[in-house]
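Contents: one structure, followed by commentary.
Worth knowing before you read on, the calculation uses all heavy atoms, side chains too, and leaves out hydrogens, waters and symmetry mates. In what follows, chains are A, B, ... by sequence order, proteins preceding strands, each numbered from 1.
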Number of protein chains: 2
Amino acid sequence: MAVSEQGLTFSPEIEARLEKAARLCSEQGTTLTPLRREVLGLVLSSDQPIGAYALLDHLRRTRAGAAPPTVYRALDFLRERGFVHKVERLNAFVGCPSAADHVGHDHGHAVQFLICTRCGRVTETEDEAIIAAVAQAAERHGFRQMRATVEIEGLCRACAG
Amino acid sequence: MAVSEQGLTFSPEIEARLEKAARLCSEQGTTLTPLRREVLGLVLSSDQPIGAYALLDHLRRTRAGAAPPTVYRALDFLRERGFVHKVERLNAFVGCPSAADHVGHDHGHAVQFLICTRCGRVTETEDEAIIAAVAQAAERHGFRQMRATVEIEGLCRACAG
DNA sequence: CTCGCTCATGTTATAAGATAACATGTCCGG
DNA sequence: CCGGACATGTTATCTTATAACATGAGCGAG
């Protein structure tokens with residue numbers, strides 16, 4: 001991650017994802033501004049879920065005046081578009097690995113996280129059986145599902161040994 | 001809910017559940033102290049998830065010195081034993097309707113909440129298909145699941161119309 | 001009986017997460 | 001040139017949660 005006059009620069013893979021996100025935004029008539037781009041880049045660069053205030057600390061390297069609303073507004077934008085998800089148990093944010101696939105319309109989807117309590121890493125999955133089971137359970141209760149999250153805590157393969 | 005010298009008194013149904021909880025605790029060698037009993041009673045008396053600070057406000061009616069740790073410690077105790085669950089999305093707590101059935105060992109279970117964004121009510125379910133799908137997905141990733149929560153947001157039958 | 005342990009609670013302070021409310025600036029179309 | 005939409009800046013505050021240390025009750029071993 002380098003600092004230039006345009007703001008932060010990220011690894012090539014992440015730059016590619018940022019480009020893609022920028023394209024998706026402009027197709028929707030919105031803008032991935034430099035600020036939003038930086039926040040998304042920071043989230044994607046973290047190998048663990050990252051908290052809003054940790055993002056803020058990073059942001060302040062380039063933006064002296066950054067304050068909580070700065071980062072929360074950017075996160076709101078990114079979450080609305082599915083580029084970023086919040087892991088509720090951790091009050092922290094992760095980049096969506098498949099943001100490009102289901103732009104903006106994954107409501108009703110049951111996003112799933114495998115949260116390792118030892119190493120802190122989180123893997124996002126999209127298991128169809130879970131999605132279907134959740135949808136059916138909701139329907140059985142006469143519940144109109146808008147969105148759902150599944151947060152599974154335990155030990156990842158590496159940590160479980 | 002009445003106030004007596006022994007602390008709060010709840011409705012007969014809730015008193016019955018408190019008695020049962022007290023019995024389960026003593027079987028485990030722990031104690032449902034008056035404080036814990038009051039907190040559990042307050043959670044069970046709420047028809048919606050209730051926040052820690054709302055509980056604190058109620059507690060202070062009978063316990064002048066109550067402070068955040070007072071309520072958080074009681075909640076920790078109750079959660080460890082499965083009498084109470086936290087709805088992560090709401091930072092609020094609900095009583096477990098089936099606390100008596102699976103005392104203390106429901107780890108690995110995927111607790112499920114149907115959260116109505118309109119009326120704020122939360123229904124807890126234990127859908128076997130979801131539990132199984134979650135367990136299988138975790139296994140497929142070599143993940144040793146300890147616990148899981150499924151939080152489904154949308155409109156309940158009454159609110160969806 | 002009394003020392004020392006464990007458990008529960010009290011007490012004070014602070015950390016961590018999130019939002020409200022209002023101000024500023026930029027771009028663009030009429 | 002004005003006015004509206006949008007993005008960000010700025011200040012203050014609110015909500016949620018925990019750290020750290022103090023007090024006190026109950027109980028078993030010596």
Side-chain angles (χ1 to χ4, degrees), chain A residues 6-8 21-22 25-26 28-40 42-43 46 48-81 83-94 120, chain B residues 6-8 21-22 25-26 28-40 42-43 46 48-81 83-94 120:
Chain A
Q6 331 295 316
L8 297 177
C25 283
S26 66
Q28 295 175 250
T30 62
T31 315
L32 189 70
T33 62
L35 171 63
R36 292 165 178 169
R37 185 190 165 96
E38 279 194 28
V39 172
L40 179 53
L42 288 168
V43 171
S46 174
Q48 296 189 6
I50 184 167
Y53 282 71
L55 287 168
L56 183 54
D57 288 342
H58 285 294
L59 264 190
R60 291 215 239 241
R61 293 181 192 165
T62 48
R63 299 171 178 268
T70 310
V71 66
Y72 279 105
R73 286 193 288 231
L75 286 170
D76 287 346
F77 176 91
L78 297 169
R79 291 173 68 191
E80 278 164 12
R81 280 150 192 83
F83 297 132
V84 164
H85 293 305
K86 181 178 182 183
V87 183
E88 298 286 347
R89 283 196 178 228
L90 306 178
N91 295 316
F93 303 86
V94 293
Chain B
Q6 332 295 316
L8 298 175
C25 283
S26 65
Q28 295 175 249
T30 61
T31 315
L32 189 70
T33 62
L35 171 63
R36 291 165 178 168
R37 185 190 166 95
E38 277 192 30
V39 171
L40 179 54
L42 288 168
V43 171
S46 174
Q48 296 189 7
I50 185 167
Y53 282 73
L55 287 169
L56 184 53
D57 288 343
H58 285 292
L59 264 191
R60 292 215 237 243
R61 293 180 192 164
T62 48
R63 298 171 178 268
T70 310
V71 66
Y72 279 105
R73 286 194 286 230
L75 286 170
D76 287 345
F77 175 91
L78 297 169
R79 291 173 68 192
E80 278 164 12
R81 279 148 194 85
F83 297 132
V84 163
H85 294 305
K86 181 177 182 183
V87 183
E88 298 286 349
R89 284 198 177 227
L90 307 177
N91 295 315
F93 303 86
V94 293

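- Each of Thr31(B) and Gly65(B) lies near DNA chain C, and the nucleotide nearest Thr31(B) is the one positioned closer to the 5' end.
- Backbone-only engagement by Arg36(B) is indicated by non-hydrogen atom pairs under 4.0 Å involving sugar-phosphate atoms exclusively.
- With rounding to the nearest 0.5 angstrom, the CG atom of Leu78(B) is 12.0 Å from the CZ atom of Arg37(B).
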Next item on the list: Applying side chain to side chain contact (heavy atoms under 4.5 Å, CB included), run through Gln48(A) and Leu90(A) and close with a yes or a no.
Entry: CA-CA 11 Å; Gln48(A) 296 189 6; Leu90(A) 306 178; over 6 Å; no

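- At least one donor-acceptor pair closer than 3.5 Å links the side chain of Thr70(B) to the backbone N or O of Ala67(B).
- Listed nucleotides: dT11(D), dG10(C), dT8(D). Nearest to the side chain of Thr33(A): dT8(D).
- Tyr72(A) OH to Tyr53(A) OH: the interatomic distance, rounded to the nearest 0.5 Å, is 5.0 Å.
- Closest heavy-atom contact between Arg81(A) and Thr30(A): NH2-CG2, 3.4 Å.
- One cannot find a donor-acceptor pair under 3.5 Å joining the base of dG9(D) and the side-chain atoms of Arg63(A).
- Residue Leu75(B) holds its CG atom at 9.5 Å from NZ of Lys86(B), rounded to the nearest 0.5 Å.
- Considering CZ of Arg73(A) and OG1 of Thr33(A), their distance stands at 11.0 Å, rounded to 0.5 Å.
- Nucleotide dA8(C) holds its C1' atom 13 Å from the CD atom of Glu80(B), rounded to whole Å.
- A pairwise comparison of heavy atoms in Ala92(A) and Pro49(A) identifies CB-CB, 3.6 Å as the closest pair.
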Notebook entry, point to check: In the 5'-to-3' direction, what one-character label does each nucleotide of nucleotides 25-30 of chain C receive under the scheme B = base within less than 4.0 Å of a protein heavy atom, S = sugar-phosphate only, - = no such atom?
Noted result: ------

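- Side-chain contact between Phe77(A) and Val39(A) is absent, with no heavy atoms from C-beta onward closer than 4.5 Å.
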Check nucleotides 13-18 of chain C for protein N or O atoms closer than 3.5 Å to its own N or O atoms and list the pairs.
| from | atom 1 | to | atom 2 | distance (Å) |
| --- | --- | --- | --- | --- |
| dG17(C) | N7 | Tyr53(A) | OH | 3.4 |
| dA18(C) | OP1 | Lys86(A) | NZ | 2.4 |
| dA18(C) | OP2 | Tyr72(A) | OH | 2.9 |
| dA18(C) | O5' | Tyr72(A) | OH | 3.3 |
| dA18(C) | N7 | Tyr53(A) | OH | 2.5 |
| dA18(C) | N6 | Tyr53(A) | OH | 3.3 |

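- The CG atom of Leu42(B) lies 6.0 Å from the CG atom of Leu55(B); values are rounded to the nearest 0.5 Å.
- Rounded to whole angstrom, the span from the CD atom of Gln28(B) across to the P atom of dC7(C) amounts to 14 Å.
- Atom CZ in Arg81(A) sits roughly 13 Å away from atom C1' in dA7(D) (whole-Å rounding).
- Rounded to an integer number of Å, the gap from Asp76(B) CG to dT16(D) P is 16 Å.
- Once rounded to the nearest 0.5 Å, the distance linking CG of Leu32(B) with CD of Glu38(B) reads 10.5 Å.
- Atom CZ in Phe77(A) sits about 19 Å away from atom P in dA5(D), given to the nearest Å.
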Nucleotides 26-29 of chain D: which of its N/O atoms have a protein N/O under 3.5 Å away?
none

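- As rounded to whole Å, 15 Å separates atom C1' of dT9(C) from atom CG of Leu75(B).
- Rounded to an integer number of Å, the gap from CZ of Arg60(A) to C1' of dG9(D) is 13 Å.
- Between the P atom of dA21(C) and the CZ atom of Arg73(A) lies a distance of 14 Å, rounded to the nearest Å.
- Counting all heavy atoms, side chain and backbone alike, Phe83(B) lies closest to Cys25(B) at CE1-SG, 3.7 Å.
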